[in-house]
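Values below: every heavy atom of this structure, side chains too, minus hydrogens, waters and symmetry copies.
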Amino acid sequence: MLRAPLTRPGRVRLRTKVTAVVVAAAALAMALTAVMSYRGVSELVADELDRGLDDRTNTVITLLDADLTPPPRKDMTEQVLSAGGTVRRLTPGGAELPVSAADLRVARTGRGESRTDVVVSGTEYGVLTRPLPGGGAVMVGQSYEGAVRVDNAFLWRVSWTTAAAVGLSALLSWIVLGRILRPVRQLVRTTRHITTTRNLSTALPPAGSDEIGQLTRSFEAMLTALRRSRAQQQQLVQDASHELRTPLTSVRGSAELLQRARGRLDPQDEEQILTTLVNETAALDDLVRELVELATDRYTDEDPAAVDLVALAEDTAHRHRTRTGRTISVTTDGPVPVRARPRAVQRCVDNLLSNAVKFSPDGTPVTVHIDGSRLSVRDRGPGIEPGERDAVFARFHRGSRTQATPGSGLGLAIVHDIVTADDGTVFATGAAGGGAEVGFVLPPDA
């Protein structure tokens with residue numbers, strides 16, 4: 001039975017959850033992009049600051065060597081450090097840079113350089129100390145205030161841009177998911193209607209070419225199978241009620257006659273009525289058993305396997321020989337194993353032999369022939385009219401030449417259902433010299 005579909009709150013929760021997942025993924029991707037961009041820009045700014053500090057220091061050394069005073073720069077402060085540790089400022093009003101032991105070593109030795117970061121009056125400076133050609137050293141400090149402003153501005157802009165992008169992706173995801181889930185909602189409404197009304201003829205929404213369309217087509221295939229099954233069940237009930245009416249009428253009439261006579265019947269007439277009751281009851285038993293077998297496939301839980309048709313036919317023929325005393329031979333011509341359900345195939349062969357024995361005159365042989373993956377049973381009975389060779393596999397069909405022979409008309413229908421379920425085919429033809437040849441072809445075992 002179809003399960004009840006999602007309620008509206010359930011659909012909203014699904015949409016919200018999917019949106020949340022999409023937004024979370026987008027937010028994570030954007031955050032990672034923002035962090036990588038921020039780090040890249042920060043490293044680029046730091047490299048530019050280092051190059052600017054190098055260029056300014058080289059310029060100051062060149063000007064001092066030419067007895068010129070370097071022009072002041074707002075973001076720079078310079079001072080000359082003598083070998084004795086005395087400091088002479090070159091930038092009027094500029095901050096005095098602290099002197100470290102590394103700076104003194106450069107001034108005294110005239111070799112190497114010292115690069116460090118210091119904080120003066122709350123402002124961070126990058127300081128580069130290099131020796132002067134005439135002795136001592138020059139110390140150049142570059143303020144990081146401008147770089148910090150750029151860094152903070154970039155961080156702020158990246159942050160609010162990322163937040164805006166996440167919000168926009170959330171809105172777009174909500175709208176797009178609503179459009180994507182619209183076919184799902186239509187399918188849910190339709191399945192709810194089918195579940196409530198049990199109306200299998202209800203048409204499903206049009207199927208697209210995406211995954212939801214594939215889901216819709218799967219539902220349509222399921223509904224088609226359900227419609228076919230319901231139609232077959234209804235037809236089976238109608239046919240069964242018709243077929244059961246005749247033996248039941250006979251049984252009831254015989255029983256009422258015995259009830260009315262109450263021992264006044266002639267012994268021969270009473271024996272004939274009792275025989276009729278026994279025969280009709282046995283026919284009813286066979287009919288009900290085959291109806292149950294036809295309505296419920298007892299072999300659906302059996303897994304397909306390699307089946308040796310020769311061994312199976314020999315075993316079935318032996319049982320029928322023992323029970324009926326008939327001559328039943330099995331011949332072969334290049335037999336191959338087939339892929340099918342073993343017990344189901346045995347049921348098919350059993351039904352074919354039962355039919356052949358039933359319709360063959362006493363003393364005539366029955367032949368089972370296996371050619372590759374094709375099995376046929378040949379009898380010497382009245383045969384099958386050319387126009388009835390497909391109809392013999394229909395439920396309750398009785399051929400024009402076999403109306404007088406007892407039977408339910410379900411044996412070959414069971415063979416048809418079992419064989420077609422295993423991807424095989426059935427056939428029925430007239431045999432040369434009289435009789436019929438009925439059988440099936442199953443897929444060879446790969």
Side-chain angles (χ1 to χ4, degrees), residues 286 289-290 293-294 297-384 389-390 392-393 399 402 405 407-446:
D286 290 340
R289 175 176 51 79
E290 291 188 335
E293 186 169 345
L294 193 61
D297 187 355
R298 297 183 304 151
Y299 308 106
T300 52
D301 58 344
E302 187 181 12
D303 294 328
V307 177
D308 185 350
L309 288 179
V310 177
L312 188 146
E314 289 283 5
D315 178 68
T316 309
H318 175 72
R319 286 189 287 105
H320 279 265
R321 290 190 202 103
T322 304
R323 186 168 64 248
T324 66
R326 283 294 186 92
T327 300
I328 303 175
S329 59
V330 178
T331 61
T332 63
D333 185 9
V336 297
V338 297
R339 190 75 181 173
R341 295 167 294 170
R343 289 190 297 112
V345 177
Q346 187 171 38
R347 174 62 172 163
C348 291
V349 179
D350 190 72
N351 281 11
L352 291 176
L353 279 175
S354 295
N355 263 21
V357 170
K358 179 169 58 178
F359 294 122
S360 293
D362 291 340
T364 58
V366 173
T367 303
V368 182
H369 183 67
I370 301 158
D371 183 2
S373 62
R374 180 181 187 271
L375 182 144
S376 61
V377 177
R378 160 77 188 278
D379 62 45
R380 300 300 192 278
I384 303 173
R389 290 175 182 175
D390 291 331
V392 294
F393 294 101
T402 59
T405 305
S408 65
L410 292 176
L412 293 184
I414 294 174
V415 172
H416 172 272
D417 287 0
I418 290 176
V419 171
T420 54
D422 283 335
D423 299 324
T425 57
V426 293
F427 60 88
T429 64
E437 186 178 3
V438 185
F440 56 82
V441 181
L442 286 169
D445 183 50

**Q** Do Val338 and Ser373 come within less than 4.5 Å of each other through their side chains, counting heavy atoms only?
**A** yes
**Q** Do Arg378 and Pro365 have side chains that approach each other closer than 4.5 Å (heavy atoms only, starting at C-beta)?
**A** no
**Q** Heavy-atom distance under 4.5 Å between the side chains of Asp308 and Pro337, does that happen here?
**A** no
**Q** Just so I know, are the side chains of Asn355 and Val438 near enough to count as touching, which here means a heavy-atom distance under 4.5 Å?
**A** no
**Q** Side-chain contact test, heavy atoms from C-beta onward, threshold under 4.5 Å: evaluate it for Val307 versus Gln346 and give yes or no.
**A** no
**Q** Can a donor-acceptor pair be found, under 3.5 Å and without considering hydrogens, that links the side chain of Arg326 to the backbone of Ser360?
**A** yes
**Q** Of all the heavy-atom pairs spanning Asp423 and Pro443, show the shortest one and how long it is.
**A** O-CG, 3.5 Å
**Q** Taking all heavy atoms of Asp379 and all of Gly381, pick out the closest pair and write down the distance.
**A** OD1-N, 3.1 Å
**Q** Ignoring hydrogens, what is the shortest heavy-atom contact between Phe440 and Cys348? Give both atom names and the distance.
**A** CE2-CB, 4.0 Å
**Q** Without hydrogens or angle criteria, can the side chains of Thr331 and His369 be said to hold a donor-acceptor pair below 3.5 Å?
**A** yes
**Q** Please round to the nearest 0.5 Å and tell me the distance separating atom NE2 of His320 and atom CG of Leu353.
**A** 5.0 Å
**Q** How long is the gap from CG on Leu442 to OG1 on Thr425, to the nearest 0.5 Å?
**A** 8.0 Å
**Q** Among Arg341, Arg347, Arg343, which residue meets the salt bridge (Lys or Arg N to Asp or Glu O under 4.0 Å) test with Asp422?
**A** Arg341
**Q** Do Leu412 and Leu352 make a side-chain contact, defined as non-hydrogen atoms from C-beta onward lying under 4.5 Å apart?
**A** yes
**Q** What is the minimum heavy-atom distance between Ser376 and Glu437, and which atoms define it?
**A** OG-OE2, 2.9 Å
**Q** NZ/Lys358 to CG/Asn351 distance, rounded to the nearest 0.5 angstrom?
**A** 9.0 Å
**Q** Which residue is it: Val336, Leu312, Leu375? I am looking for the one with a side chain to side chain contact (heavy atoms under 4.5 Å, CB included) to Ile370.
**A** Leu375
**Q** Looking at every heavy atom in both Arg374 and Phe427, which two are closest together, and how far apart are they?
**A** NH2-CE1, 3.1 Å
**Q** Are the side chains of Val345 and Leu309 in contact, using a 4.5 Å heavy-atom criterion?
**A** yes
**Q** What I'd like to find out is whether the side chain of Glu314 reaches to under 4.5 Å of the side chain of Val368, using heavy atoms alone.
**A** no
